[in-house]
Amino acid sequence: MSHAWGYSAENGPEKWVTKLPHRRWVPASPPSTIVPADASYDAGLKPLCLKYDAKDCIDILNNGHSFQVTILTEGLQTDPISGVYRLKQFHFHWGGAERSWLRLHLVHWNTKYPSFGEAASKSDGLAVVGVFLKVNRAENAQLQKVLDTFDAIKTKGTQTTFPGFDPTTLLPGCLDYWTYDGSLTTPPLLESVTWIVCKETISVSPAQMASFRALQFSGAGEAACCMVDNYRPPQPLKGRAVKASFQ
Ligand code: SG4
Ligand code: ZN
C-alpha cells in the first residue's frame with residue numbers, strides 16, 4: 001500500500017483487500033457475523049482454559065490503529081482450545097456511534113513455534129479470544145485500570161508502563177464460546193487465527209466508552225483525529241463452520 005493502512009475512506013477496510021495478494025477466501029473477522037443458527041454444537045470442544053499473571057504485564061501503547069497492552073514474552077502459557085499458547089497482547093476495537101459495541105481481543109501464539117513472529121503466518125499459529133463489551137450504566141472497575149492510562153497514550157506512538165495488571169480480571173464469568181478459522185482483522189490479514197468468541201459479554205459504562213473515543217489516530221502535533229470505527233466490518237463466512245462449545 002502506498003500509504004499506511006487505516007480506517008478512513010482512503011485507506012480503510014475496503015481498500016485493504018484490493019492491495020493485498022489474492023486470498024483463498026475473504027476471512028471473517030468480527031463475531032457479529034455469528035448468528036446462533038450458523039453455529040453447531042461440538043461436544044468435542046474443550047472448555048476454555050485461560051491463565052494469565054499480573055506480573056507478565058509490561059506496557060500500554062497507542063499504535064495509531066488501536067491501543068494495546070503488551071505481555072512479557074516468557075509469560076504464563078495457556079491452553080485456549082488445543083496446544084499451548086501464550087498471550088502476546090490485548091487490544092480493543094470500537095465504533096463511533098452512540099450505541100455501537102466494543103470488542104476486546106486477546107492475541108495468543110502457539111508455543112510450538114519459536115516466536116510470535118513465526119507463529120503469525122502458520123495456520124495454527126494464533127488464537128484470538130474475543131469478548132464483546134456491552135454498554136451498561138455501571139462502571140467496569142477492572143477496565144477502568146486500563147482507561148486510567150489514557151492521558152499518557154492519547155496520540156499515536158505514545159506508550160507508558162502498565163505493570164501488575166491481570167488480564168484474567170477482564171474475562172466474563174462464563175467462558176462458553178463459538179470458534180471458527182479466520183484471519184487477523186488488520187493487514188496483512190494473515191490466515192492464521194483460530195477465533196474464539198465468548199458468548200457472555202462484559203460491561204462498559206457510557207463514560208468509559210467516551211474515553212475510548214477521545215483517543216487519537218493522529219500523532220502529537222498532527223491535526224487531531226479521534227480513534228473511532230477502528231474495526232474491520234463483518235465478512236462472509238464463505239462456508240466455514242462455526243462451532244459452539246455449548247448447547
Ligand atoms: C490491532 O491493530 C492490534 O493493535 C495489532 O497488534 C494486531 O495485530 C491487529 O489489531 C490485528 O489483531 O486480533 N484484531 S486482531 O486480528 O496482533 C497483531 C499489533 O500490531 C499482529 C502488535
Ligand atoms: Zn483485534
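As the structure lists them, so they are numbered: ligands from 1, and atoms in each ligand from 1. For this chain, numbers begin at 1 and follow the sequence in order. Just so we're clear, the structure is a prediction, and the values are computed from it rather than from any experiment.
- Side-chain contact between Asp124 and Lys112: present, with at least one pair of heavy atoms (C-beta onward) separated by less than 4.5 Å.
- Relative orientation of the Phe217 and Tyr7 rings is parallel, given thresholds of 30° and 60° on the angle between their planes.
- Contact check for Thr179 versus Thr194: side-chain heavy atoms found under the 4.5 Å cut-off.
- At a threshold of 4.5 Å between non-hydrogen side-chain atoms, the residues Leu170 and Leu104 count as touching.
- If you look at ligand 1, the protein residues with a non-hydrogen atom under 4.0 Å away are Asn63, His65, Gln68, Gln89, His91, His93, His105, Val107, Phe116, Val128, Leu184, Thr185, Thr186, Trp195.
- No path of Ile, Leu, Val, Met, Phe, Trp and Tyr side chains, each step under 4.5 Å between heavy atoms, connects Trp109 with Ile58, placing them in separate hydrophobic clusters.
- Residues meeting the salt bridge (Lys or Arg N to Asp or Glu O under 4.0 Å) test with Lys243, sequence neighbours left out: Asp42.
- Protein atoms of type N/O/S that fall under 2.8 Å from the Zn ion (ligand 2) number 3 in this view.
- Summarising the geometry of Lys15 relative to Ala9, their closest heavy-atom pair is NZ-O, 3.2 Å, with the distance given to 0.1 Å.
- Side-chain contact between Leu143 and Leu133 is present, with at least one heavy-atom pair separated by less than 4.5 Å.
- Listed by first and then second residue, the side chain to side chain donor-acceptor pair (under 3.5 Å) pairs involving residues 154-163 are Asp59-Gln159 (not counting sequence neighbours).
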